[in-house]
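The structure appears right after this line, and notes come after that.
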There are 2 protein chains.
Amino acid sequence: MRTLRRKRKPGKPSGDLPLFLDVADRIAAMIATGGYRAGQRLPSIRRLSESYRVAVATALDACTELERRGLVEAKPRSGFYVRPSRDPIRQASALGELLATGGDRGAIPFLMASGHERDMLALDTAAPDVSLTPLAEFRTVFARAIRKHPRDAAAYTFPPGHPVLRQAIARRLVDAGCSVAPDDVVVTSGASEALLLALRAVTKAEDTVAVESPTYYGMLHVMRNLGLFAAEVPTDPETGMRVDALASLLAKRRIAACFLMPNFNNPLGSRMPPENVRALVHLLADAGVPMIEDDANGELGFSAARPTAAKSYDRRGLVMLCGTVTKTLAPGCRIGWLLPGIHKAKVMDLQWTTTVGPSSPSQLAVAEYFTSSACDRHLRAFRGVVMRNMELFKRAIGRHFPPGTTVSRPSGGLVLWIGLPKGVNADRLHRAALVEKIAIMPGTLFSAEGSYDDHVRLCFAVPWSSAVEAALARLGRLCEAELERHAAAS
Amino acid sequence: MRTLRRKRKPGKPSGDLPLFLDVADRIAAMIATGGYRAGQRLPSIRRLSESYRVAVATALDACTELERRGLVEAKPRSGFYVRPSRDPIRQASALGELLATGGDRGAIPFLMASGHERDMLALDTAAPDVSLTPLAEFRTVFARAIRKHPRDAAAYTFPPGHPVLRQAIARRLVDAGCSVAPDDVVVTSGASEALLLALRAVTKAEDTVAVESPTYYGMLHVMRNLGLFAAEVPTDPETGMRVDALASLLAKRRIAACFLMPNFNNPLGSRMPPENVRALVHLLADAGVPMIEDDANGELGFSAARPTAAKSYDRRGLVMLCGTVTKTLAPGCRIGWLLPGIHKAKVMDLQWTTTVGPSSPSQLAVAEYFTSSACDRHLRAFRGVVMRNMELFKRAIGRHFPPGTTVSRPSGGLVLWIGLPKGVNADRLHRAALVEKIAIMPGTLFSAEGSYDDHVRLCFAVPWSSAVEAALARLGRLCEAELERHAAAS
């Protein structure tokens with residue numbers, strides 16, 4: 001059954017490369033791309049001969065060839081070591097690629113990767129900087145979870161998720177006015193999977209989903225990839241989606257679902273008054289249209305009481321609430337949840353085809369966290385930090401940005417929505433900021449129609465420092481430069 | 001902004017229920033559905049008043065009402081405790097539902113849930129019983145990973161996944177004959193997400209995908225949910241998909257992708273000879289058709305050397321290899337990988353809309369595991385156990401099943417494919433076995449056309465015991481009963 005695999009050169013029908021050269025090429029490729037790093041010892045000749053299915057002598061020939069090429073060096077009685085590259089292959093830079101392509105709005109992977117290259121000040125993601133997450137608690141709850149549930153941690157946790165976590169989530173949602181049972185909860189891999197499952201359960205390609213304007217760019221990205229259309233509904237910067245505007249949209253065309261962040265729209269930070277939320281839930285229920293409620297910011301309000309979720313007004317099982325611990329514990333957990341209402345069977349069926357649910361240790365760790373006092377303690381402290389940060393950001397923007405700049409007045413969440421003076425383009429500012437190693441979100445991402453090229457979003461959940469103040473000052477100067485360019489051009 | 005939420009009774013336009021009764025109803029619902037369990041203390045009156053946004057007196061009235069109903073009891077200076085239910089609400093049983101509906105082939109959630117109810121002997125899932133996973137190592141690698149990378153564990157790990165894990169995966173694949181770089185790897189939430197991303201990257205609804213026959217039911221499930229069709233290609237029980245049969249299929253109709261398990265088909269355990277694999281890779285490359293290679297069983301061969309993956313013959317980036325640690329470390333990790341070849345940009349774009357990647361602690365823990373000696377040590381021991389188990393299963397089946405039963409001769413993997421004597425129906429046997437608390441997989445799941453109603457799949461990765469032997473004997477008796485029923489009917 002064993003065959004010698006020979007490398008085929010493109011254009012040559014049969015490669016007659018000596019076998020040791022083939023092996024040397026393949027090890028060289030590993031070195032070039034970082035599979036074996038400078039200073040590292042290669043596997044032993046014996047091990048290489050097993051891995052590449054060649055004789056020991058051939059493996060040795062391959063290493064000798066690599067030595068000849070200057071890629072490795074032999075150390076007596078130790079083996080072959082990868083030499084530091086004299087002409088290092090430069091890693092393709094996501095930032096370079098983004099700047100070169102002009103920042104295609106659909107290119108979320110490049111955008112996010114570029115915002116998180118080394119030395120970048122990341123003000124783009126609406127999630128806490130890791131230094132603001134409870135790292136000690138994080139380690140504790142993972143250790144405790146695996147110790148308490150050694151078998152459950154290693155085993156599959158099939159949809160809808162681990163009962164102890166579903167129970168903890170159901171209890172936590174009492175604060176949002178929701179009386180839900182553990183059986184009403186499906187645990188997901190972050191809010192992302194929750195949004196995906198909710199959308200896939202109630203829509204099909206070519207359908208139209210009503211959204212706030214502006215709305216969370218991640219949802220628009222999911223919708224694009226599922227072939228869905230967005231209908232943007234006028235949204236008040238402080239009181240959220242306009243109920244009358246949604247009503248006239250529903251009267252005009254078929255809407256498959258409505259996606260909403262009543263407590264606290266991303267990027268606006270708006271909070272819908274409870275009477276509007278209730279009216280909207282009833283309006284949609286009367287039309288038989290499911291609501292997908294993004295509650296990722298629900299626990300991040302700036303007033304003491306956690307606001308009521310739209311789900312709490314749901315009597316027909318048509319509101320699908322999506323939540324996450326990304327902002328309240330740590331993004332790395334990838335734990336979210338979906339209350340699928342009447343669509344539970346479909347959602348569970350779909351989850352069997354996406355992930356079969358998130359990591360069991362993560363599920364158990366979050367259950368530990370939710371049932372410990374550390375959770376509310378951290379949230380209180382964290383809210384204090386971000387509210388103080390928000391004030392500091394606002395003051396710095398007031399000082400450093402040119403006249404004509406507007407700043408949102410969020411009721412919760414982790415971001416500011418900045419209106420730029422006429423003449424400053426968000427996409428240009430975004431790219432100029434990246435060059436200065438500051439990552440921000442251009443407003444155009446928050447609209448399916450590419451509106452908001454006069455807005456950017458800034459996340460203030462980073463530790464405040466003089467470096468942050470200096471970065472905001474730099475952003476202000478970039479705006480001024482744009483204004484001057486604009487004035488010169490017109 | 002605060003409003004009192006009142007419960008609306010169906011059919012009554014405005015509920016005038018006193019507030020304390022509303023709160024009592026909602027707590028009662030939590031008790032009925034397991035949100036608060038028998039013996040547990042309810043949250044304090046103060047806490048309840050905050051949670052339900054009512055006065056302390058109202059929360060107290062609600063608890064008194066629950067006491068009157070016999071649902072809770074007051075303990076002096078301690079609080080209210082949930083009483084054991086006198087008339088316990090029976091949990092909806094997935095098994096009951098499955099048996100009632102007659103076992104709809106699409107109902108994977110019910111099927112899997114029923115196979116994992118309490119006291120069930122689970123021979124259905126093709127994954128190791130948790131007692132055969134390296135539990136001590138599992139705990140160690142998680143603890144070590146979070147200690148070594150406290151910040152990375154808590155932070156987002158954006159697509160394509162953590163570099164240390166991608167490097168470890170690339171190295172591990174050298175044994176499969178693949179020279180891939182860390183940048184060629186996308187880390188996924190188990191093989192499930194890998195299969196989903198691969199399929200979504202290269203197909204659209206209504207497309208046809210060529211598959212082995214029989215093939216992995218999970219893939220058929222994903223395909224159904226994406227609106228794809230399966231073209232089943234004749235497959236030899238020992239040498240896998242017939243290359244000539246695929247060639248004539250390709251000549252006849254447009255095939256968007258080919259899904260294949262060269263090393264070791266699930267459920268057959270077949271291994272394609274390397275020359276067939278190479279021929280198939282070239283055949284597909286010439287036709288420009290991507291191959292999705294499921295390598296979940298790649299490290300579970302019964303001979304010493306790890307077989308060559310189809311990906312190792314890929315020169316055009318058209319083979320998308322999917323792997324996982326589900327069978328080699330533990331299913332609970334939910335760590336898999338995809339080598340997306342030329343479709344990397346699309347795959348990463350899609351992953352931003354599915355999960356944004358798996359849990360960071362899981363990624364780091366698997367990287368620890370792959371770079372420790374424990375990994376290969378466990379694999380050697382595990383393979384020994386499963387090979388011995390396979391022999392024990394075969395012998396027991398030979399002893400207990402009626403004449404006419406056939407058993408596959410797998411070259412690797414964790415399952416046996418059992419041909420039933422004429423007259424024994426797989427779906428009936430499956431349901432009868434569930435009643436006897438034995439979960440098996442009916443063969444009909446492994447075909448889009450519902451073929452194989454004369455086969456069942458048994459997983460032998462469970463600790464061998466007299467209970468397992470007794471279960472196999474019971475299955476044999478169920479077959480005999482079916483034969484008698486069949487003889488009487490005809």
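Every heavy atom of this structure was used, including side-chain atoms; hydrogens, water molecules and symmetry mates were not. Only a predicted model underlies this, so the values are computations on that prediction, with no experimental measurement involved. Lettering follows sequence order; numbering is per chain, from 1.
B:Ser312 places no side-chain N or O within donor-acceptor distance of the main-chain N or O of B:Thr308, the cut-off being under 3.5 Å.
Heavy atoms of B:Pro163 lying under 4.5 Å from chain A are absent altogether. Proximity to chain A involves both the backbone and the side chain of B:Arg306, based on heavy atoms less than 4.5 angstrom apart. Interface residue A:Tyr156: backbone and side-chain heavy atoms are both found under 4.5 Å from chain B. Contact of B:Ala127 with chain A is made through the side chain alone, with heavy-atom distances under 4.5 Å. Interface residue A:Ala154: backbone and side-chain heavy atoms are both found under 4.5 Å from chain B. A:Pro43 does not touch chain B: none of its heavy atoms, backbone or side chain, sits under 4.5 Å away. A:Thr354 touches chain B through backbone and side chain together, each having a heavy atom under 4.5 Å away. Both the backbone and the side chain of B:Ala153 have a heavy atom closer than 4.5 Å to some heavy atom of chain A. If you measure heavy-atom distances from A:Ser362 to chain B, the contacts under 4.5 Å come from the side chain alone. B:Arg47 touches chain A through its side chain: at least one heavy atom from C-beta onward sits under 4.5 Å away, while N, CA, C and O do not. Residue A:Ser303 does not touch chain B at all, counting heavy-atom pairs closer than 4.5 Å.
Between chain B and the options A:Leu196, A:Leu48, A:Leu197, the largest number of non-hydrogen pairs under 4.5 Å is found for A:Leu196. By number of non-hydrogen pairs under 4.5 angstrom with chain A, the leading residue of B:Ser359, B:Ala330, B:Pro150 is B:Ser359. Chain B forms more heavy-atom pairs under 4.5 Å with one residue of A:Glu50, A:Glu193, A:Arg166, A:Gln363 than with any other, namely A:Glu193. When each of A:Asp184, A:Leu329, A:Val222 is scored by its heavy-atom pairs under 4.5 Å with chain B, the top score falls to A:Val222. With respect to chain A, the highest number of heavy-atom pairs below 4.5 Å among B:Thr157, B:Val174, B:Leu199 belongs to B:Val174. Contacts with chain B were tallied for A:Ala194, A:Pro361, A:Cys333; A:Pro361 has the most, counting heavy-atom pairs under 4.5 Å.
Atom CZ of A:Arg151 is separated from atom CG of B:Leu135 by 7.0 Å, given to the nearest 0.5 angstrom. In this structure, the separation between OG on B:Ser360 and CZ on A:Phe138 is 7.0 Å, given to the nearest 0.5 Å.
The aromatic rings of A:Trp352 and A:Phe158 lie tilted to each other, with the angle between the two planes from 30° to 60°.
Across A:Met348 and A:Pro159, no two heavy atoms sit closer than the pair CE-O, 3.6 Å.
Between B:Arg53 and A:Asp175 no salt bridge is recorded (no basic side-chain N to carboxylate O distance below 4.0 Å). Ion pairing between a basic and an acidic side chain is recognised when a charged N comes within 4.0 Å of a carboxylate O; B:Asp349 and A:Arg224 show no such pairing.
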Chi angles and distances behind the side chain to side chain donor-acceptor pair (under 3.5 Å) call for A:Ser411, A:Arg271
CA-CA 6 Å; A:Ser411 306; A:Arg271 177 185 170 180; over 6 Å; no

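Under 3.5 Å, the side chains of A:Arg26 and B:Ser179 contain a donor-acceptor pair of N or O atoms. Side-chain contact of A:Gln351 with A:Thr188: a donor-acceptor pair under 3.5 Å is absent, judged by distance alone.
The shortest distance between side-chain heavy atoms of B:Leu350 and A:His221 does not fall below 4.5 Å.
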